[in-house]
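What follows is a short report on a single structure.
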Amino acid sequence: MNTAGMLAEAFDRVGEAVHAAVEGLGPEDLDARVDPGANSISWLVWHLTRVQDDHIADAAGTDQIWLTDGWADRFALPFDASATGYGQSAEEVAAVRVESAELLLGYFDAVQERTLDFVAGLEGHALDRIVDENWSPPVTLGVRLISVVAEDLQHAGQAAYVRGMLERG
């Protein structure tokens, strides 16, 4: 398996986990918080998708799907369209409410498709390219992609946990 294939496999696993956590849920369950300080499934999946969209767009030199394909308007969240969820307060987390699982998964699937297209084109030493010099050492594309996969899987697992708690009552 080459590097592009390995990355595609990792992102495919993220997609499976996200779909398993979200499919079949209504807005009430998607937006439920098991504790006032906890993250909802809606927020977790929106956040992991926003970060993936932001990081892949930056690495690919493209605009974020959130901004260019009307997703920000469809979600109509009460904060700046550039927000990714990083560092948000409990009140901001509570403000991420979705009308349906289809909306949440539609945005995720659009970002996932762009991500898989991007990683499919990676060859040779592409993963060694520096994509962020704000860290010491500077962040390479390979490190950035692994960070996205790791965060995505962590948040998808949290969403699955919340779903399990809701299903148990």
Show the atom names and distances, to 0.1 Å, of all donor-acceptor pairs under 3.5 Å that link a side chain in residues 117-131 to residues at least two apart or in another chain.
| from | atom 1 | to | atom 2 | distance (Å) |
| --- | --- | --- | --- | --- |
| H125 | ND1 | D128 | OD2 | 3.3 |
| R129 | NH2 | A59 | O | 2.8 |

query = Can you list the steps and then say if R163 with D29 is a side chain to side chain contact (heavy atoms under 4.5 Å, CB included)?
reply = CA-CA 8 Å; R163 182 180 181 136; D29 285 335; over 6 Å; no
request  = Could you give me the CA-CA distance, side-chain angles and deciding distance for F75 and W66, then say whether side chain to side chain contact (heavy atoms under 4.5 Å, CB included) is met?
outcome  = CA-CA 10 Å; F75 275 74; W66 178 255; 3.5 Å; yes
Gap separating the [atom1] atom of [X] from the [atom2] atom of [Y], nearest 0.5 angstrom:
| X | Y | atom1 | atom2 | answer |
| --- | --- | --- | --- | --- |
| D53 | Q112 | CG | CD | 11.5 Å |
| D12 | L116 | CG | CG | 5.5 Å |
| E99 | D31 | CD | CG | 10.5 Å |
| R97 | E28 | CZ | CD | 9.0 Å |
| L145 | Q52 | CG | CD | 9.5 Å |

Testing [options] for side-chain contact (heavy atoms from CB on, under 4.5 Å) with [X], which one passes?
| X | options | result |
| --- | --- | --- |
| L104 | D109, V45, L44, V96 | V45 |
| T115 | I56, L7, I65 | I56 |
| V18 | L153, D152, L48 | L48 |

Who pairs with [X] by side chain to side chain donor-acceptor pair (under 3.5 Å), at least two apart in sequence or on another chain?
| X | value |
| --- | --- |
| T49 | none |
| E91 | S89 |
| Q64 | R50, D54 |
| T62 | R114 |

Could you pull out the closest heavy-atom pair between [X] and [Y], with the gap in Å?
| X | Y | result |
| --- | --- | --- |
| G37 | A90 | CA-CB, 4.5 Å |
| A95 | F79 | CB-CE2, 4.1 Å |
| G106 | W71 | C-CH2, 3.3 Å |

query = Which class fits the ring pair H47 and H155: parallel under 30°, tilted 30 to 60°, perpendicular over 60°?
reply =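 Plane angle over 60°, so perpendicular.
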ask   = When hydrophobic residues are tied together by side-chain contacts of less than 4.5 Å, even through go-betweens, does V93 share a cluster with L25?
value =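 Both belong to a single hydrophobic cluster.
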task = Return each pair, listed once, that meets side-chain hydrogen bond (donor to acceptor under 3.5 Å, both in side chains) where at least one residue sits in residues 136-147; pairs must be two or more places apart or across chains.
result = D132-R144
ask   = Between F11 and V149, does a side chain to side chain contact (heavy atoms under 4.5 Å, CB included) hold up when you go through it step by step?
value = CA-CA 6 Å; F11 280 108; V149 168; 3.5 Å; yes
inquiry  = Can you list everything that forms a ring-ring contact (aromatic ring centres under 6.0 Å, His included) with H19? Sequence neighbours excluded, please.
reply    = none
ask   = Stepwise, does the side chain to side chain contact (heavy atoms under 4.5 Å, CB included) test hold for Y161 with I41?
value = CA-CA 9 Å; Y161 179 79; I41 294 169; over 6 Å; no
Give every residue pair that meets the ring-ring contact (aromatic ring centres under 6.0 Å, His included) criterion with at least one member in [range], sequence neighbours excluded.
| range | value |
| --- | --- |
| residues 21-42 | none |
| residues 134-154 | none |
| residues 82-101 | none |

ask   = Is the backbone N or O of A32 less than 3.5 Å from a side-chain atom of S40, with the two atoms forming a donor-acceptor pair by type?
value =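 Not confirmed, S40 side chain does not pair with A32 backbone.
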ask   = Tell me the salt bridge (charged side-chain N to carboxylate O under 4.0 Å, His left out) pairs involving residues 62-85, sequence neighbours left out?
value = none
inquiry  = Do Q88 and W43 pair up side chain to side chain, a donor and an acceptor below 3.5 Å, judged on atom types alone?
reply    = yes
task = Please list, chain by chain and in numerical order, all residues satisfying salt bridge (Lys or Arg N to Asp or Glu O under 4.0 Å) with E9, sequence neighbours excluded.
result =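 Testing E9 for salt bridge (Lys or Arg N to Asp or Glu O under 4.0 Å), a comparison that skips the adjacent residues, returns R13.
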